[in-house]
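The structure under discussion appears below in the form of structure tokens.
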Amino acid sequence: LMLLDSINLIQDFPIIGEETLELSYYTPGREKPTKLTFNVYSVDGQSSAPTTKGSIYTLKGVNAFHFYNASTIISKSYKTIISDIVEEILTDMSAKTGVKARINLEKTKGMVPITIPRLSPFSAIDFLRQRSVSAENPSGGAYVFFMNQYGMHFKSIENLLKEGKQE
């Protein structure tokens with residue numbers, strides 16, 4: 001987030017990287033605002049503003065999932081469908097970070113014995129994504145995992161195209 005700070009707040013109230021940044025914005029076509037919370041980890045590019053007072057700087061932040069992902073290792077064996085494993089990882093991540101995010105999963109096909117070999121949660125999901133086959137569309141189905149304003153999604157590209165714009 002690039003800021004033009006006209007009162008030079010950063011000089012009198014130092015930002016040290018332990019602050020929380022809350023953003024709320026409206027998107028055309030949505031009734032409710034999107035609200036996001038980030039933990040500030042860096043202040044970069046500080047320079048004087050064009051006026052005599054103030055400064056320009058960039059606040060860099062990440063959400064709580066990033067910190068959880070960076071500090072957690074999954075090393076576990078499973079024998080179930082891959083979408084259930086992904087759901088367990090995401091549910092655990094939401095519970096431990098306190099961030100409520102809707103989980104939107106497309107079911108996968110086949111019970112598989114699989115071992116996650118000391119991976120972070122996001123790396124584990126990527127590992128599982130590469131091995132996923134859609135229960136709805138077994139002929140194709142490269143899976144993707146992403147997070148947006150509607151929640152966390154683990155779906156095949158074919159299903160995303162079939163659904164089109166949602167909500």
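Hydrogens, waters and symmetry mates play no part in the numbers below; they use all other heavy atoms, side chains included.
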Could you tell me the separation between the [atom1] atom of [X] and the [atom2] atom of [Y], rounded to the nearest 0.5 Å?
X	Y	atom1	atom2	answer
Ile103	Met147	CD1	CE	9.5 Å
Ile81	Ser132	CD1	OG	10.0 Å
Asn39	Thr20	CG	OG1	5.0 Å
Asp84	Lys79	CG	NZ	14.5 Å
Phe154	Leu128	CZ	CG	6.5 Å
Glu163	Lys155	CD	NZ	3.0 Å

Any sub-3.5 Å donor-acceptor pair from [X]'s side-chain atoms to [Y]'s backbone N or O?
X	Y	result
Arg129	Tyr143	yes
Thr108	Ile82	yes
Glu19	Val40	no

What pair of heavy atoms forms the shortest contact from [X] to [Y], and how long is it?
X	Y	answer
Ser83	Leu105	O-CD1, 3.7 Å
Lys76	Glu88	NZ-OE2, 2.9 Å
Met152	Ser94	CE-OG, 3.7 Å
Phe38	Asn63	CD2-N, 3.9 Å
Tyr150	Arg102	O-CB, 3.6 Å
Tyr68	Thr97	CB-CG2, 3.5 Å

So among Ile85, Leu119, Ile89, Asn69, which one has a side-chain contact (heavy atoms from CB on, under 4.5 Å) with Ile125?
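By the side-chain contact (heavy atoms from CB on, under 4.5 Å) criterion, Ile125 pairs with just one of Ile85, Leu119, Ile89, Asn69: Ile89.
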
Establish whether [X] and [Y] are linked, either directly or via other cluster members, by ILVMFWY side-chain heavy-atom contacts under 4.5 Å.
X	Y	result
Leu59	Tyr25	yes
Val62	Phe65	no
Tyr78	Val133	no
Leu36	Leu3	yes

Got [X] and [Y] here, is their nearest side-chain heavy-atom distance under 4.5 Å?
X	Y	value
Thr37	Leu21	no
Val144	His153	no
Leu23	Leu1	yes

Under the side-chain contact (heavy atoms from CB on, under 4.5 Å) criterion, do Thr80 and Met111 qualify, and how do the steps go?
CA-CA 5 Å; Thr80 186; Met111 296 280 256; 4.2 Å; yes

Please determine whether the number of non-hydrogen atoms from other residues, nucleotides or ligands lying under 6.0 Å from atom OH of Tyr26 exceeds 12.
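Counting other residues, nucleotides and ligands, OH of Tyr26 stays at 12 neighbours or fewer.
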
Is it the case that atom CZ in Arg131 sees more than 12 heavy atoms from other parts of the structure closer than 6.0 Å?
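Correct, the count exceeds 12.
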
